[in-house]
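Here the structure is laid out as structure tokens; the discussion comes afterwards.
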Amino acid sequence: SNLSADRFQEYIGKCFDTSWPIREMAYTIPHPIYFANASGRWHGKGVAFLDTDMPGRSYGKIYLLTREQLAKVHALEGSGTNWYNALVRIGKKDGLDIMIVTHKPGRLTENPPSKAYLDIIGKGIAETYPHLSEKAIADYLKKAINHHQ
């Protein structure tokens, strides 16, 4: 959901340093997403996690954040045991670690996402990857929902 600049701004606005990241760019993540847990914000439906134990491909976006901003975003995402409890390095770009917030170890119980949540993700993908058609985005999200069921 954080591919959407509007959505990510909600997190940055709650940081001590509220300045927008000085760089952001599309980044294809070498792992699949899956939907799990039951989020009150998203009508009791699932939210996206990255399965860093599996090879795959996910549309992503990287932001150049301060350490404080990363820590705050991690905390705001819900860093509890059954949520986004891990920061995982998935690569490097320009000498800097690319960190993602996800769940470790193992996978959480899958739960399909709400339409509202998918709409936010779709909006972010369209912003970040403007060459993709609406159909391509819808197909990608459908595959992510059905991949492990």
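All residue numbers refer to positions in the sequence shown, counting from 1.
Nearest heavy-atom pair, I29 versus G60, reported as atom, atom and distance to 0.1 Å: CD1-CA, 3.8 Å. Here the closest heavy-atom approach between residue L3 and residue E127 is recorded as O-OE1, 3.7 Å. Smallest separation of non-hydrogen atoms from K45 and P113: CB-C, 3.7 Å. In plain terms, the two heavy atoms of H74 and N85 that are nearest each other are NE2-C, 3.8 Å. Closest of all the heavy-atom pairs between Y129 and T28 is OH-N, 3.8 Å. Between A48 and Y117, the closest heavy-atom pair is N-OH, 3.0 Å.
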Query raised in the report: What's the verdict on side-chain hydrogen bond (donor to acceptor under 3.5 Å, both in side chains) for D6 and S4, showing C-alpha distance, side-chain angles and the deciding distance?
Result: CA-CA 5 Å; D6 290 343; S4 165; 5.0 Å; no
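A continuous path of hydrophobic side-chain contacts links L76 to W20 [ILVMFWY only; heavy atoms under 4.5 Å]. Following chains of ILVMFWY side-chain contacts shorter than 4.5 Å, one can reach M25 starting from V73, so the two form part of one hydrophobic cluster.
Using modelled atom types, one side-chain atom of S58 and one backbone atom of H31 make a donor-acceptor pair closer than 3.5 Å. In this structure a side-chain-to-backbone donor-acceptor pair under 3.5 Å is present from N37 to N82. Looking only at distances, no side-chain donor or acceptor of E77 sits under 3.5 Å from a matching main-chain atom of V101. Remark: side-chain polar atoms of H103 are not paired, donor with acceptor, to backbone N or O of Y84 under 3.5 angstrom. Between the side chain of D17 and the main chain of S19, a donor-acceptor pair closer than 3.5 Å is present.
The closest side-chain heavy-atom distance from N111 to W42 is not below 4.5 Å. In this structure, Y140 and L132 have side chains that are not in contact, with every pair of non-hydrogen atoms separated by 4.5 Å or more. Using a 4.5 Å heavy-atom cutoff, the side chains of K72 and Q69 are not in contact. Contact of the I100 side chain with the Y27 side chain is not registered, since no non-hydrogen atoms from C-beta on lie closer than 4.5 Å. Side chains of V47 and W83 form a contact here, defined as non-hydrogen atoms less than 4.5 Å apart.
One finds a salt bridge joining K135 and D139 here, because a Lys/Arg side-chain nitrogen approaches an Asp/Glu carboxylate oxygen to under 4.0 Å. Using a 4.0 Å cut-off between charged side-chain N and carboxylate O, D119 and K123 make no salt bridge.
Between L108 atom CG and T81 atom OG1 the span is 10.5 Å, to the nearest 0.5 Å. Atom CD1 of I22 is separated from atom CG of L65 by 10.0 Å, given to the nearest 0.5 angstrom. A distance of 10.5 Å separates OG1 of T128 from NE2 of H131, quoted to the nearest 0.5 Å. Between atom CG of residue L70 and atom OH of residue Y11 there is a gap of 13.0 Å, rounded to the nearest 0.5 Å. Rounding to the nearest 0.5 Å places CZ of R107 at 10.5 Å from OG1 of T52. The CG atom of N2 sits 14.0 Å away from the CD1 atom of I62 when rounded to the nearest 0.5 Å.
Around the CZ atom of R89, the shell of radius 6.0 Å holds more than 12 heavy atoms that belong to other residues, nucleotides or ligands.
Between Y63 and F8, the angle of the ring planes stays under 30°, which puts this pair in the parallel group of the 30/60° scheme.
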